[in-house]
Chemist: 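Please find one structure pasted underneath; my questions will follow.
Here, residue 1 is the first one in the sequence, and each next residue gets the next number.
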Amino acid sequence: MALELDNPNIGYIMDVLKERGMNPRQLSKQVYGKETHRDIVKEITTKPDVRASTVLKLCRVLGITMDSLYQNPDTNSVNYPSINGIGIVNNSPHAHIDMADLRAENKALKMVIEEKDKRLAEQSRYIKELGDRLDMVLRLQNNASDSR
């Protein structure tokens, strides 16, 4: 994907911060260290050139890709399909999902798998029993035909 902007998309960064429940100060501390007085949002806004290492740290902290950071907001307004799960509706390129919902969905899926495993074991037992009965019928039929 080609980069559409020369500098990171500040509006996108602010949207991601809002979704993560963070403010620019918290982001700066995570990127530059706890004792910093630098403001990463202000630096990106005022300085025309951002170091690659800073962009890399920024993307890691926010959990976003570098190419999404350099997309033009006009062309980045794609309709993403909705992904629905238990209590989860996501139509965003960067998801924020409640872990409790994921754990509940995971537990429900594990229960379904356990039930399927029990049914498969029962089906296997029935197949074996039917095979044994078929063998017995065939033996009886062979014995009856031999005795004639």
Side-chain angles (χ1 to χ4, degrees), residues 1-36 40-41 43-45 50-148:
M1 177 181 284
L3 299 179
E4 297 175 358
L5 300 174
D6 293 331
N7 292 321
N9 183 343
I10 252 332
Y12 179 69
I13 294 171
M14 297 307 289
D15 288 344
V16 174
L17 281 176
K18 186 176 180 181
E19 285 184 15
R20 304 284 192 276
M22 295 174 64
N23 61 40
R25 185 76 190 127
Q26 291 169 323
L27 177 63
S28 296
K29 285 184 177 274
Q30 287 187 13
V31 171
Y32 296 125
K34 293 183 181 187
E35 299 299 320
T36 190
I40 190 166
V41 174
E43 286 183 18
I44 291 172
T45 305
V50 181
R51 292 177 52 158
S53 60
T54 303
V55 171
L56 184 62
K57 289 177 190 177
L58 177 68
C59 289
R60 285 184 178 156
V61 168
L62 292 176
I64 59 175
T65 61
M66 284 181 140
D67 59 345
S68 67
L69 193 59
Y70 286 91
Q71 291 302 301
N72 190 341
D74 298 331
T75 61
N76 201 19
S77 61
V78 179
N79 262 345
Y80 292 95
S82 288
I83 301 167
N84 298 319
I86 298 175
I88 303 168
V89 176
N90 178 25
N91 60 358
S92 168
H94 39 276
H96 178 69
I97 300 172
D98 186 22
M99 291 303 290
D101 289 339
L102 290 177
R103 285 188 182 102
E105 186 173 7
N106 192 21
K107 185 176 180 180
L109 290 172
K110 284 181 180 180
M111 290 171 60
V112 168
I113 290 171
E114 287 175 11
E115 179 65 28
K116 296 280 185 189
D117 287 343
K118 288 178 187 176
R119 292 176 94 191
L120 285 172
E122 187 177 351
Q123 298 267 330
S124 296
R125 187 174 51 85
Y126 288 149
I127 290 170
K128 184 184 179 324
E129 190 175 319
L130 284 172
D132 291 345
R133 288 184 183 185
L134 180 62
D135 289 343
M136 184 178 72
V137 168
L138 290 174
R139 275 196 313 268
L140 289 173
Q141 184 180 9
N142 286 340
N143 288 343
S145 65
D146 289 345
S147 63
R148 288 187 199 172

Chemist: How far apart are the closest heavy atoms of M22 and V61, and which atoms are they?
Modeler: CE-CG1, 4.4 Å
Chemist: Give a yes or no on whether the backbone of Q71 and the side-chain of N9 come within a donor-acceptor separation of less than 3.5 Å.
Modeler: yes
Chemist: Taking the side chain as C-beta and beyond, is there a heavy-atom pair between I13 and P8 under 4.5 Å?
Modeler: yes
Chemist: Assess the residue pair L58 and V50 against the criterion (side-chain contact (heavy atoms from CB on, under 4.5 Å)); give the C-alpha distance rounded to whole Å, side-chain angles, the decisive distance to 0.1 Å, and a yes or no.
Modeler: CA-CA 11 Å; L58 177 68; V50 181; over 6 Å; no
Chemist: Are any of the side-chain heavy atoms of L62 and L69 separated by less than 4.5 Å?
Modeler: no
Chemist: How long is the span from the CG atom in N23 to the CD atom in Q26, to the nearest 0.5 Å?
Modeler: 4.0 Å
Chemist: List for me each residue that meets side chain to side chain contact (heavy atoms under 4.5 Å, CB included) alongside L134, sequence neighbours excluded, and say none if there are none.
Modeler: L138
Chemist: Return the set of residues passing side-chain hydrogen bond (donor to acceptor under 3.5 Å, both in side chains) with R133 (not counting sequence neighbours), or none when no residue passes.
Modeler: E129
Chemist: Apply side-chain hydrogen bond (donor to acceptor under 3.5 Å, both in side chains) to T36 and list each qualifying residue two or more places apart in sequence or on a separate chain.
Modeler: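 Once residues adjacent in sequence are excluded, T36 has no partner under the side-chain hydrogen bond (donor to acceptor under 3.5 Å, both in side chains) criterion.
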Chemist: Are any side-chain N or O atoms of E105 and backbone N or O atoms of L102, one a donor and one an acceptor, separated by less than 3.5 Å?
Modeler: no
Chemist: The criterion is side chain to side chain contact (heavy atoms under 4.5 Å, CB included); which residues satisfy it with L56, sequence neighbours excluded?
Modeler: R60, M66
Chemist: Among all residues two or more places apart in sequence or in another chain, which pass the side-chain hydrogen bond (donor to acceptor under 3.5 Å, both in side chains) test with D135?
Modeler: none
Chemist: Pairs in or reaching into residues 108-125: which pass side-chain hydrogen bond (donor to acceptor under 3.5 Å, both in side chains), with residues at least two apart or in two chains?
Modeler: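 For residues 108-125: E122-Y126.
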Chemist: Is there side-chain contact between L17 and P24, with at least one heavy-atom pair below 4.5 Å?
Modeler: yes
Chemist: So do the side chains of Y32 and I40 get within less than 4.5 Å of each other, counting heavy atoms only?
Modeler: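 The answer is yes; the side chains approach within 4.5 Å.
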Chemist: Taking only residues two or more places apart in sequence, or in another chain, which ones meet K128 in a salt bridge (Lys or Arg N to Asp or Glu O under 4.0 Å)?
Modeler: D132
